[in-house]
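Along the sequence shown, residues carry numbers from 1.
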Amino acid sequence: MTDFESIWSPAKVFSPTAAKQASLQQKDWAYVDNFLASRFAPKPVPKYERNPDTLKALLALAAANEAADEEKDLERRVKEKTLAELQKREQESITRTEPLLTAVEEHLTDDGRRCLNSVALLGVALASNSTDAPRLSAHLIELSKQEFSVRQQTARIDALHARLQSDLSALRETLRHLNTNEVHKLPPDLAARVTEWARGSRHLKNKAENYREELENAKGIKESLTVPALVAMETEILQLKEHVLDLEAQARGYQGLPPEKDLARLEVERVQEELRELEKVREGMYDGMT
């Protein structure tokens with residue numbers, strides 16, 4: 001059973017040491033509450049168990065955080081002070097150097113001033129941070145090499161451009177000739193003529209075969225044939241053969257085209273469109289090179 005008399009005894013309740021510890025603990029909790037409120041702001045501080053162990057851990061965390069803040073603040077002040085000193089030194093260096101440069105420039109001769117300006121302009125043109133003569137000479141020689149290389153490339157590009165222009169003119173002339181020359185235009189009765197030539201070719205081939213069979217059959221009855229009759233038949237066969245070859249040559253010129261007139265005209269227009277697309281590709285290649 002708990003001894004309440006010993007707990008609530010006047011010695012313990014009114015003890016200066018216990019009251020001091022309670023006041024210190026209350027101050028520590030206030031310090032911890034302020035620290036947590038500043039870290040979680042604007043959100044509320046999560047609930048946690050308030051006991052001596054928690055207070056000890058939070059005090060250690062707050063102390064470490066305060067030490068880190070002080071370290072960052074000290075580092076910032078050191079950096080600011082160092083930067084200010086460097087800027088001060090740079091300004092003093094410029095202040096000391098400007099009178100010296102002014103004095104040197106005032107005591108230069110005309111030739112010296114002209115040479116100094118030439119060296120300065122050459123260094124700026126060559127993007128060099130040094131006025132060393134060998135280094136400037138090496139930069140100048142390298143620049144001359146690059147200029148020569150660029151000129152050679154330009155000359156080759158100009159030659160290629162001229163050749164492409166010539167090829168383009170030739171292709172345009174060829175296209176104009178194909179579009180305007182009556183020879184390359186499709187006749188209006190192309191389908192009928194092709195059909196007629198094919199029919200005539202088959203008919204002549206059949207007649208030639210019949211004549212050949214008749215000649216073979218006539219070998220057994222030579223007594224009924226005379227020399228003039230054979231010569232006349234041979235002449236007729238040769239004429240028919242030449243006519244067949246002529247018709248085949250004419251039909252071969254239209255090989256690959258559809259038999260209908262409209263479809264044949266569309267095929268010719270498709271080939272012309274391909275030619276125009278090739279010209280666009282060539283123009284694109286030339287633009288990419290330039």
| remark: Apart from L74 itself, its cluster of hydrophobic side chains linked below 4.5 Å comprises V78
| message | What I want to find out is whether R270 reaches E274 closely enough, with some N-O distance under 4.0 Å, to be called a salt bridge. | response | yes
| How far does CG of L160 sit from CG of D167, to the nearest 0.5 angstrom? | 9.5 Å
| request: With sequence neighbours excluded, give me every side-chain hydrogen bond (donor to acceptor under 3.5 Å, both in side chains) pair touching residues 228-244. | output: Y211-E236
| Note, L143 side chain near Q146 side chain (heavy atom, < 4.5 Å) | yes
| Test item: K27 and Y31 side chains (from C-beta on) under 4.5 Å apart, heavy atoms | no
| query | Can you tell me if N34 uses its side chain to pair, donor with acceptor, with the backbone of A30 under 3.5 Å? | reply | yes
| field | Results of salt bridge (charged side-chain N to carboxylate O under 4.0 Å, His left out) for E70 - residues two or more places apart only | value | none
| field | Atom pair CG/OG of N65 and S38 - distance to nearest 0.5 Å | value | 7.5 Å
| request: Give the intermediate values and the outcome of salt bridge (charged side-chain N to carboxylate O under 4.0 Å, His left out) for residues E279 and R276. | output: CA-CA 5 Å; E279 289 180 352; R276 286 192 291 271; over 6 Å; no
| said: List the residues meeting salt bridge (charged side-chain N to carboxylate O under 4.0 Å, His left out) with D69, not counting sequence neighbours, and say none if there are none. | reply: R39
| Which residues satisfy the side-chain hydrogen bond (donor to acceptor under 3.5 Å, both in side chains) test with T54, sequence neighbours excluded? | N51
| query | Side-chain contact, heavy-atom cut-off 4.5 Å: E283 with L164? | reply | no
| field | Contacts of type salt bridge (charged side-chain N to carboxylate O under 4.0 Å, His left out), residue K145, not counting sequence neighbours | value | none
| message | For the CG atom of L240 and the NE2 atom of H203, what is their distance to the nearest 0.5 Å? | response | 8.5 Å
| query | With sequence neighbours excluded, what pairs up with L83 under the side-chain contact (heavy atoms from CB on, under 4.5 Å) test? | reply | Q87
| Nearest-0.5 Å distance that lies between atom CG in D246 and atom CH2 in W197 | 9.5 Å
| task | Sequence neighbours left out, what passes side-chain hydrogen bond (donor to acceptor under 3.5 Å, both in side chains) with Q165? Give chain and number order. | result | H161
| message | Just to verify, what does N210 make a side-chain contact (heavy atoms from CB on, under 4.5 Å) with, not counting sequence neighbours? | response | E213
| Got a sec, which residues hit salt bridge (charged side-chain N to carboxylate O under 4.0 Å, His left out) with E85, two or more places apart in sequence or on another chain? | none
| query | Got a sec, which residues hit side-chain hydrogen bond (donor to acceptor under 3.5 Å, both in side chains) with R151, two or more places apart in sequence or on another chain? | reply | E147
| remark: Residues passing the side-chain hydrogen bond (donor to acceptor under 3.5 Å, both in side chains) test with E142, sequence neighbours excluded, are none
| said: Are the side chains of E277 and E273 in contact, using a 4.5 Å heavy-atom criterion? | reply: yes
